[in-house]
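Written out below as structure tokens is the structure these notes cover.
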Amino acid sequence: MPLTRIATGIEGLDRMTGGGFVERSANLVEGAPGTGKTTLGLQFLVKGIVDRGEAGLYVTFEEFPAQLYADAARMGWDLRQFEADGRLRIRFTTPMELLQSLEEVNGDLEREIEEFCIRRVVVDSLSHFEFLTDDAFQLRDIEFRLVSAFKREGCTAIFLRENGNILGDTNSISRSPFVVDSFIVLRYVELDSAVSKAMLVLKMRGSAHATDIRRYRIANGGIVIEDKFDGQEGILGGAPRKSRAQAFVEAFGRKR
Ligand SMILES: Nc1ncnc2c1ncn2[C@@H]1O[C@H](COP(=O)(O)OP(=O)(O)OP(=O)(O)O)[C@@H](O)[C@H]1O
Ligand SMILES: [Mg+2]
């Protein structure tokens, strides 16, 4: 039986993922500061509310709601109105509190998810759970419990994660991708003395996905995915070079 898809509503991303996220899946979006993680998360919720009438929950540990409202307003999204309509819930909490309220039988979070028929969840960010323990196994257990709890509630979730590396080097990426169903990386890329942003789907459980690296920008209305980085190698390293094929074409002209 084909998996039901939850379209993110972010054009380009839905094409890259073969139709969106799998229903009731956990999806990790990792990127350096300012790459647009919060924007992507909010856009996923706003698109769900506006295009499909699906209610959303935004969990934040760091950004005060006032800041979130202001950032969203710059994108053209009136979060207060969505909240007033009962279509969006924003929770400013701590990792420990979130975990406890999710695991409590008939806890307030479970009741909230049911009462408001919440289908889409964003947790900003998974990085904060790293402060709970130094032990890698314990952290993986915590992340697994978190991911499972939202699935159990029937939600499709995005977990944002900070990656301090501004440019390049994927080696520092944590082990969290193992507990999630899909993994998207946002990167800064230096190209011709300018910095662009690149998006890549590294993992998509249960389906094919685009493996090319896409350029994107942040605009009013959210993330806009653009063309591929054609003829470049080393994008993931942050400092691309022309592929040998591209260098050949430039040196000798395209073969007729
Ligand atoms: N209306 C807008 N038009 C274009 N760019 C914008 C707009 N609003 C914000 N930005 C850009 O979006 C980026 C911030 O996006 P966002 O807050 O989603 O990133 P983030 O990855 O969540 O950052 P952090 O790691 O700090 O939480 C900034 O670089 C900012 O310049
Ligand atoms: Mg953010």
Side-chain angles (χ1 to χ4, degrees), residues 1-31 35-58 118-126 143-144 146-148 150-161 163 170 173-187 189 196-219 221-233 235-236 240 243:
M1 209 171 69
L3 298 164
T4 309
R5 297 296 181 143
I6 299 286
T8 63
I10 302 170
E11 221 193 302
L13 180 58
D14 286 336
R15 272 200 300 278
M16 288 169 82
T17 54
F21 296 135
V22 172
E23 191 178 36
R24 284 178 167 233
S25 64
N27 306 280
L28 180 65
V29 175
E30 176 163 313
T35 44
K37 301 180 293 295
T38 299
T39 306
L40 188 148
L42 285 174
Q43 197 171 352
F44 171 67
L45 296 185
V46 168
K47 286 286 179 180
I49 293 167
V50 173
D51 296 352
R52 313 192 29 135
E54 294 175 356
L57 166 69
Y58 195 92
I118 290 185
R119 302 287 312 279
R120 298 183 181 215
V121 173
V122 174
V123 177
D124 191 357
S125 70
L126 201 58
E143 290 177 340
F144 182 74
L146 177 73
V147 159
S148 315
F150 282 116
K151 285 187 183 185
R152 201 171 51 233
E153 296 300 329
C155 302
T156 305
I158 294 183
F159 298 90
L160 305 177
R161 188 169 183 280
N163 184 323
T170 37
I173 281 173
S174 77
R175 301 185 64 78
S176 350
F178 290 102
V179 300
V180 292
D181 302 290
S182 89
F183 180 31
I184 295 171
V185 173
L186 309 179
R187 286 222 164 274
V189 173
S196 319
K197 297 189 186 79
M199 183 183 293
L200 167 71
V201 181
L202 277 181
K203 159 175 168 175
M204 192 86 204
R205 196 171 279 163
S207 72
H209 62 85
T211 51
D212 46 282
I213 301 167
R214 294 282 172 156
R215 195 188 302 267
Y216 71 92
R217 62 188 165 85
I218 303 173
I223 283 176
V224 181
I225 295 173
E226 298 175 324
D227 50 344
K228 288 196 258 189
F229 284 91
D230 257 341
Q232 305 285 339
E233 286 174 354
I235 300 277
L236 277 185
S243 66

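From a predicted model like this one, the values you see are computed outputs, not experimental measurements.
Shown here are the side-chain hydrogen bond (donor to acceptor under 3.5 Å, both in side chains) partners of Arg205, two or more places apart in sequence or in another chain: Asp181. Judged as a ring-ring contact (aromatic ring centres under 6.0 Å, His included), and not counting sequence neighbours, Phe150 has no contacts. Residues satisfying the side-chain hydrogen bond (donor to acceptor under 3.5 Å, both in side chains) test with Thr156, not counting sequence neighbours, are none. Remark: Val180 engages Ala26, Leu28, Val147 in a side-chain contact (heavy atoms from CB on, under 4.5 Å) (not counting sequence neighbours). Annotation: salt bridge (Lys or Arg N to Asp or Glu O under 4.0 Å) contacts of Arg5 (sequence neighbours excluded): none. Arg15 meets the side-chain hydrogen bond (donor to acceptor under 3.5 Å, both in side chains) test with no other residue; sequence neighbours excluded. Here Arg214 pairs with Asp212 under the salt bridge (Lys or Arg N to Asp or Glu O under 4.0 Å) rule; sequence neighbours left out. Partners of Arg52 under the salt bridge (Lys or Arg N to Asp or Glu O under 4.0 Å) rule, at least two apart in sequence or in another chain, are Glu54. Residues passing the side-chain contact (heavy atoms from CB on, under 4.5 Å) test with Arg217, sequence neighbours excluded: Ala219, Val224, Glu226. Among residues two or more places apart in sequence or in another chain, the side-chain hydrogen bond (donor to acceptor under 3.5 Å, both in side chains) test is passed with Thr17 by none.
From Arg120, atom CZ reaches atom OG1 of Thr8 across 7.5 Å, with rounding to the nearest 0.5 Å. Rounding to the nearest 0.5 angstrom, the gap separating the NZ atom in Lys197 from the CD1 atom in Ile225 is 12.5 Å.
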Pair up each side-chain donor or acceptor in residues 37-45 with any protein partner under 3.5 Å, not counting sequence neighbours, and list the distances.
residue	atom	partner	partner atom	Å
Lys37	NZ	Gly31	O	3.2
Lys37	NZ	Ala32	O	3.0
Thr38	OG1	Asp124	OD2	2.9
Gln43	OE1	Ile223	N	2.7
Gln43	NE2	Ile223	O	3.4

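Using a 4.5 Å heavy-atom threshold, the side chains of Ser182 and Met204 count as touching. Leu13 is not listed as a side-chain neighbour of Tyr216, based on a closest heavy-atom distance of 4.5 Å or more. Within the 4.5 Å cutoff, the side chain of Ile213 has no heavy atoms near those of the Val189 side chain.
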